[in-house]
Protein chains: 2
Amino acid sequence: MSNSKLYKGSLITIILKLLDESDKMYGYEITQKVKKITQGELNITEGALYPALHKLEAQGFLDVEIAKVENRTRKYYKLTEKGNKETSNKLSELEEYIKTMQTFISPKFSLE
Amino acid sequence: MSNSKLYKGSLITIILKLLDESDKMYGYEITQKVKKITQGELNITEGALYPALHKLEAQGFLDVEIAKVENRTRKYYKLTEKGNKETSNKLSELEEYIKTMQTFISPKFSLE
DNA sequence: ATATATACATAATTTTCTTATGCATATGTA
DNA sequence: TACATATGCATAAGAAAATTATGTATATAT
């Protein structure tokens, strides 16, 4: 069940990016999608996911729509206009971060 | 002063990698080196660094040696044998993580 | 009947930061 | 001389973002 792989701070970016790709998604669907895409590498826990979705909604980045499918409740989330901007900001941040970290990983980063 | 760029969990990896490159380093030196390498992108705060160094030492990954230079105290840290193993583990983890995150960033990651 | 999958949620706790503060020495500058 | 900045360590309070542990409920497969 555990991750130990999800660097703190990146869950929000993952959620936003997934919603950017597919018009709308519900929580459980996100956990399954992440598992599939990462081939089991990343497992989003519900204790992290749901509070994150609620926060994004409270910040006005997501709109929610409740649906009943096969007698079970789903909460579909989609990006607002504000959420679109936030997504590109978060993605830029992540790309920058990866570049920075790669300067550390590369065997010779010496700028002395 | 603030970062907002240091994803939680990566500081330890940065410290270990730096110590892997240069035989021994002291705390303040690490903060300056990180600033230089990342061209100011990352600023390691002391409140994060020193506790992290103490923890790594307590875990047996670092040895410490106290020196007096120009009447000021320095605490030099170096990797133990155990620390070397931990370093390669942490670096592998980070590389894997970056690969995973890049599958999200890339415009089309659909495995459907 | 029981386990597993689907679907949401929250509380307690832990980890890992930031921010703020403190102590002390050395050096450059107004 | 006074004051700011740089060097060098440290810890405490608080915030953020996870994990772990629960809880509720329905559907389906064994």
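Below, chains carry the letters A, B, ... as their sequence lines are ordered, and counting in each starts from 1.
The separation between B:Leu49 atom CG and C:dT18 atom P is 11 Å, rounded to whole Å. Atom OH of A:Tyr97 and atom C1' of C:dC17 are 12 Å apart (whole Å). Between the CD1 atom of A:Ile15 and the C1' atom of D:dA17 there is a distance of 12 Å, given to the nearest Å. The CG atom of B:Asn43 sits 14 Å away from the C1' atom of C:dC17 (whole-angstrom rounding). Atom NZ of A:Lys24 and atom P of C:dA7 are 13 Å apart (whole Å). In this entry the distance linking OH of A:Tyr7 with C1' of C:dC17 reads 15 Å, nearest Å.
Within the 4.0 angstrom heavy-atom criterion, no nucleotide atom of any strand lies near B:Ile12. Using a 4.0 Å heavy-atom criterion, one finds that B:Thr31 contacts no nucleic acid atom at all.
With sequence neighbours left out, A:Lys82 forms a side chain to side chain contact (heavy atoms under 4.5 Å, CB included) with A:Phe61, A:Thr80. In this structure, the side chain to side chain contact (heavy atoms under 4.5 Å, CB included) partners of B:Asn89, at least two apart in sequence or on a different chain, are B:Glu86. With sequence neighbours excluded, no residue forms a side chain to side chain donor-acceptor pair (under 3.5 Å) with A:Thr31. Taking A:Thr87 as the reference, nothing meets the side chain to side chain donor-acceptor pair (under 3.5 Å) condition, with sequence neighbours excluded. Applying the side chain to side chain contact (heavy atoms under 4.5 Å, CB included) criterion to B:Thr73, with sequence neighbours excluded, gives B:Ile66, B:Lys68. B:Glu46 pairs by the side chain to side chain contact (heavy atoms under 4.5 Å, CB included) definition with B:Tyr50, not counting sequence neighbours. Qualifying salt bridge (charged side-chain N to carboxylate O under 4.0 Å, His left out) partners for A:Lys24, counting only residues two or more places apart in sequence or in other chains: A:Glu65.
For the residue pair A:Tyr97 / B:Ser10, a side-chain donor-acceptor distance below 3.5 Å is found, with atom types taken as modelled.
The stretch residues 59-67 of chain B has no heavy atom under 4.0 Å from DNA chain D, so no residue of it qualifies as close.
Every pair passing salt bridge (Lys or Arg N to Asp or Glu O under 4.0 Å) that includes a residue from residues 69-79 of chain B is listed here, sequence neighbours excluded: B:Asp23-B:Lys78, B:Glu70-B:Arg72. Pairs engaging residues 13-37 of chain A under the ring-ring contact (aromatic ring centres under 6.0 Å, His included) rule: A:Tyr26-A:Tyr76 [sequence neighbours left out].
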Below 3.5 Å between N/O atoms, which protein atoms pair up with nucleotides 13-15 of chain C? Just atom names and distances, please.
{"unit_1": "C:dT15", "atom_1": "O2", "unit_2": "A:Lys8", "atom_2": "NZ", "d": "2.8"}

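Close to D:dA25, at under 4.0 Å from its OP1 or OP2, lies no side-chain N or O of A:Asn71.
Side chain of A:Thr103 to backbone of A:Thr100: a donor-acceptor contact under 3.5 angstrom is found.
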Nucleotide-resolved protein contact map, nucleotides 4-10 of chain D, B/S/- at heavy-atom distance under 4.0 Å: --SBSBB
